[in-house]
Asks: 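The structure is given below, and queries will be raised subsequently.
In this text the structure is predicted, and so the values were computed from the model without any measurement. Hydrogens, waters and symmetry mates play no part in the numbers below; they use all other heavy atoms, side chains included.
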Amino acid sequence: MPKLTNAADMARSIGVDPDAFRQALRSAKFPWHKRDNDWIVELDSPEHSSMRTVLVTLLRRKKA
């Protein structure tokens, strides 16, 4: 069974506000994500990698 993660857990794990992360994800307009769906992805999938990229960007802005 694949292991899943979601935007809130990813954000909290590194001290980023989950709402800010979800807003940044919406702004990224990933073609694989449908509007109003939860941000739940399989660990180590391409979608997870895309979400991590957005999260790292937020974290860098927070530290700057």
Side-chain angles (χ1 to χ4, degrees):
M1 184 172 192
K3 294 193 179 206
L4 303 176
T5 190
N6 63 63
D9 289 344
M10 289 174 69
R12 284 187 199 108
S13 74
I14 62 166
V16 170
D17 177 48
D19 291 333
F21 182 37
R22 285 189 292 266
Q23 180 58 49
L25 290 169
R26 286 190 293 273
S27 295
K29 297 185 180 187
F30 293 119
W32 50 264
H33 186 264
K34 303 289 185 226
R35 185 177 179 188
D36 296 327
N37 282 2
D38 292 333
W39 290 95
I40 300 172
V41 295
E42 187 176 332
L43 287 174
D44 300 322
S45 66
E47 294 83 2
H48 182 228
S49 179
S50 297
M51 288 174 66
R52 279 193 323 245
T53 299
V54 172
L55 188 55
V56 167
T57 301
L58 281 179
L59 184 60
R60 286 183 180 156
R61 284 186 200 154
K62 181 180 172 184
K63 289 186 176 187

Asks: Would you please classify the geometry between the His33 ring and the Trp39 ring as parallel, tilted or perpendicular, with 30° and 60° separating the classes?
Replies: parallel
Asks: Transitively linked via ILVMFWY side-chain contacts under 4.5 Å: Phe30 with Val16?
Replies: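 They do share one cluster, since a chain of ILVMFWY contacts under 4.5 Å joins Phe30 to Val16.
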Asks: Locate the shortest heavy-atom distance separating Ala24 from Leu58; write the atom from each residue and the value.
Replies: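 Nearest heavy atoms, Ala24 then Leu58: CB-CD1, 3.9 Å.
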Asks: With rounding to the nearest 0.5 angstrom, report the CD1 to CZ distance, Ile14 to Arg52.
Replies: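 Answer rounded to 0.5 Å: 11.0 Å.
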Asks: Work out which heavy atom in Glu42 is nearest to a heavy atom in His48; give both atom names and the distance.
Replies: O-CB, 3.3 Å
Asks: If you compare all heavy atoms of Pro18 against all heavy atoms of Ala11, which two are closest, and at what distance to 0.1 Å?
Replies: CA-CB, 3.7 Å
Asks: Would you compute the distance between atom CZ of Phe21 and atom CZ of Arg12 and round it to the nearest 0.5 angstrom?
Replies: 12.0 Å
Asks: Let me check something: do Trp32 and Met10 share a hydrophobic cluster, defined by ILVMFWY side-chain heavy atoms less than 4.5 Å apart, either directly or through other members?
Replies: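 Trp32 clusters together with Met10.
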Asks: CD1/Ile40 to OG1/Thr5 distance, rounded to the nearest 0.5 angstrom?
Replies: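 So the CD1 of Ile40 and the OG1 of Thr5 are separated by 9.0 Å.
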